[in-house]
Amino acid sequence: MRLTQLRSFYAVAREGSFTKAAEHLHVSQPTITTQVRFLEEAYQVELFHRRGRRVQLTEIGEQLMQLAQQIFSLEGDAVALLGDAGTLRTGHLRVAAVGPYHVTKMLVDFSLRYPGVKVTVSTGNSQDVLDSLVDYSADVGVLAQMVRDDRFLSVPFSQHPVVMFVPATHRFARRRNIRLAELQGERLIMREEGSTTRKALELALAKAKVEVDVVMEISSREVIREAVAQGLGIAAVSSVEFVPSPDLRMVGFSDTEIFTYAHVLCLAERREMRMVSAFFDTLVPAIEARRRKA
């Protein structure tokens, strides 16, 4: 059975005649007659009692009519769903990010433009983000580094200064800025290997030939904050990730600029998908504003 045959049957049942059904579907009456006859002959059933120009459903015809109503109701729902998704009145955007701080501004802009779209965010390290894109469990990803892999399309979104944060009792605590050389011999608590903040700071220290004392390596931002607050050392953080606290102070650099960057990426093959394309489009104003300031 083809859907066109069922549609012809459904039209005749609703309109009460083959002529009106043909007019409703904008086809010829012989076409409607042929489609219905095929159903009856293929399944050896009688779907209508013919009474002149009018028709009446048989018992099996009544049962098929009920099923046809469900089918075409669902078809209408499917069309509405796809139509809404195409215009992004509904849908689901899945974002994978290395941290919540880099994505907040992006998600605010997207949600304001597409309030009907549900957004979920998962966090993890850089490899987790890339894996989520590859296995299609995420639509877009946000990393703090550029990815050089032809499978992905990456767009730089923003840059954030790297700063130090220290306990309120530290000698830097009353200062807004320090020179990079003043970190010589300081006890530092570092993120794990592969952290982009750590990489940025280490490059700057190496270039300036400044040696520090790395006393701890901790992967959790929260644990690092607690360790610094307890006076175990000082740590570097992207300025956007620093959370003010009575126990902590943020200190910038007066003689150097160290940055981390937020990059938005997706699988190159999915760049033109409606949801992904819409998300990238919402980034344009912020990217252009940053370029004008540069």
Side-chain angles (χ1 to χ4, degrees), residues 81-147 152-163 165 191 195-197 200 220-222 224-225 236-245 248 250 252 257-268 270-294:
L81 172 65
L82 294 174
D84 285 348
T87 56
L88 295 189
R89 290 194 293 270
T90 61
H92 184 191
L93 175 72
R94 300 161 303 167
V95 181
V98 289
Y101 307 100
H102 295 295
V103 299
T104 303
K105 175 68 166 62
M106 306 175 197
L107 298 183
V108 168
D109 293 342
F110 181 83
S111 294
L112 286 174
R113 185 176 296 187
Y114 303 106
V117 175
K118 176 183 177 182
V119 179
T120 55
V121 181
S122 61
T123 58
N125 61 34
S126 297
Q127 192 58 53
D128 293 332
V129 172
L130 296 178
D131 289 344
S132 294
L133 294 173
V134 170
D135 68 15
Y136 299 98
S137 59
D139 303 304
V140 295
V142 182
L143 295 180
Q145 63 190 39
M146 174 68 76
V147 175
F152 303 101
L153 184 147
S154 179
V155 175
F157 175 72
S158 60
Q159 65 178 26
H160 309 283
V162 173
V163 297
F165 67 101
R191 289 285 305 277
S195 160
T196 53
T197 301
S220 166
R221 293 179 177 87
E222 291 72 20
I224 290 178
R225 281 176 52 82
V237 66
S238 173
S239 60
V240 73
E241 296 178 348
F242 178 72
V243 180
S245 165
L248 301 172
M250 182 174 71
E257 291 184 333
I258 307 173
F259 293 104
T260 60
Y261 302 86
H263 293 266
V264 183
L265 65 160
C266 67
L267 284 175
R270 302 193 68 205
R271 176 60 179 84
E272 299 307 317
M273 296 295 292
R274 183 72 179 93
M275 188 73 72
V276 174
S277 179
F279 186 77
F280 275 83
D281 288 346
T282 61
L283 306 180
V284 172
I287 293 173
E288 292 299 324
R290 182 172 65 83
R291 287 175 179 170
R292 287 194 294 270
K293 292 180 180 180

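- To the nearest 0.5 Å, the span separating OG1 on T282 from CG on L112 amounts to 10.0 Å.
- In this structure, V237 and V162 have side chains that are not in contact, with every pair of non-hydrogen atoms separated by 4.5 Å or more.
- S238 and T260 share a side-chain donor-acceptor pair at under 3.5 Å.
- Looking only at side-chain heavy atoms (C-beta outward), V142 and F157 stay at 4.5 Å or farther from each other.
- The two residues R225 and S245 make their nearest non-hydrogen contact at NH2-CB, 3.7 Å.
- Between the CZ atom of R271 and the CG atom of L265 there is a distance of 11.5 Å, given to the nearest 0.5 Å.
- Annotation: side chain of V243 is not in contact with side chain of F165 (no heavy-atom distance under 4.5 Å).
- With respect to L93, the side-chain contact (heavy atoms from CB on, under 4.5 Å) criterion is satisfied by exactly one of V119, L88, V276, V121: V119.
- Screening residues 121-147 for salt bridge (Lys or Arg N to Asp or Glu O under 4.0 Å), with sequence neighbours left out, gives R94-D139, D139-R270.
- Separation of atoms SG (C266) and CE (M275) is listed at 13.5 Å; rounding is to 0.5 Å.
- Taking the charged nitrogens against the carboxylate oxygens, D109 and K105 do have a contact shorter than 4.0 Å, which makes a salt bridge.
- When all heavy atoms of A97 and V103 are compared, the pair lying nearest together is CB-CG1, 3.4 Å.
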Using the rule given for side-chain contact (heavy atoms from CB on, under 4.5 Å), can you reason through L143 versus Y261, listing the C-alpha separation, both sets of side-chain angles and the distance that settles it, and then say yes or no? CA-CA 8 Å; L143 295 180; Y261 302 86; over 6 Å; no
Audit row: L283, F110, side-chain contact (heavy atoms from CB on, under 4.5 Å) steps and yes/no: CA-CA 8 Å; L283 306 180; F110 181 83; over 6 Å; no
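- Annotation: the span from M146 atom CE to T196 atom OG1 amounts to 13.0 Å, rounded to 0.5 Å.
- Environment of CE in M273: sparse, with no more than 12 heavy atoms of neighbouring residues, nucleotides or ligands closer than 6.0 Å.
- For the atom pair H263 NE2 and S158 OG, the distance stands at 8.5 Å (nearest 0.5 Å).
- Contacts of F152 classified as ring pair (Phe, Tyr, Trp, His ring centres under 6.0 Å), with partners at least two apart in sequence or in another chain: none.
- No side-chain heavy atom of V98 sits under 4.5 Å from any side-chain heavy atom of N125.
- Considering CE of M106 and OG of S111, their distance stands at 13.0 Å, rounded to 0.5 Å.
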